[in-house]
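For reference, the structure is listed below as structure tokens.
Remember, it's 1-based here, ligands and their atoms both numbered in the order they're listed.
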Amino acid sequence: SRAFYIGRFQPFHLGHLKVISQIAEDVDELVIGIGSAQLSHTPENPFTAGERIMMISRSLEDLDLYYYVIPINDIYRNAIWVSHVESMTPPFSQVYSNNPLVSRLFSEAGYELKHSPMYNRVAYSGTEIRRRMLSGEDWQQLVPQAVVRVVEEVGGIERLKQVSMKGD
Ligand code: ATP
Ligand code: MG
């Protein structure tokens, strides 16, 4: 079977990795959607789609799972969003999501919805990790080692700090 899982992955963290490791036990293939793919260089969305692809594919190297990583741009039209996703992805029959809107749109379109539990949500959270990146607190322990390396490689902390500055 082939399933779908979508996130913004700003950045990809250990909560995402744990979810995907669990999904890997249930499915043959996974289509991973990168949401808001067009966004980067903002406080809420510091990393490009390409950088997020690097984070994900390097973090999943040791996992026994065949997967596709597909960038999905925002279209701001919920009523046709599932068709938009379908136009960009390999076909799939199950959707793993905790997001109420994503779940609603896919179930209205006839997909089988699977719920995945939240792991250590206080810390394994993109919002919390970006906050720690800005404040100089330890964020590295909340992401896979591969993500630490990608963030270093692209100067991610400096970028996040600069685009978060109150400017001119
Ligand atoms: P942000 O705070 O930037 O929204 P996030 O941690 O919620 O980041 P997303 O990319 O928005 O990360 O999440 C993608 C999907 O992963 C969502 O469906 C979300 O519910 C799920 N998810 C996020 N964190 C966890 C976690 N700790 N455990 C399980 N699932 C998670
Ligand atoms: Mg989120």
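Nearest heavy atom pair, residue Pro46 against residue Pro43, reads CD-O, 3.9 Å. Here the shortest heavy-atom pairing between Met133 and Pro11 reads CE-CG, 4.3 Å.
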What donor-acceptor contacts under 3.5 angstrom involve side-chain atoms of residues 113-122, with partners at least two apart or in another chain?
{"residue": "Lys114", "atom": "NZ", "partner": "Glu112", "partner atom": "OE2", "Å": "3.2"}
{"residue": "His115", "atom": "NE2", "partner": "Asn98", "partner atom": "OD1", "Å": "3.3"}
{"residue": "Arg121", "atom": "NH1", "partner": "Tyr124", "partner atom": "O", "Å": "3.3"}

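In the hydrophobic clustering (ILVMFWY side chains linked at under 4.5 Å, chained through shared members), Tyr76 stands by itself.
The contact shell of ligand 1, taken as protein residues with any non-hydrogen atom closer than 4.0 angstrom, comprises Tyr5, Ile6, Gly7, Arg8, Phe9, His13, Gly15, His16, Val19, Asn98, Pro117, Met118, Tyr119, Arg121, Tyr124, Ser125, Gly126, Thr127, Arg130.
Between Phe92 and Phe106, the ring-plane angle classifies as perpendicular under the 30° and 60° cut-offs.
Applying the side chain to side chain donor-acceptor pair (under 3.5 Å) rule to pairs touching residues 131-145 yields Glu128-Arg131, Glu128-Arg132, Arg131-Glu137, Ser135-Glu137, sequence neighbours excluded.
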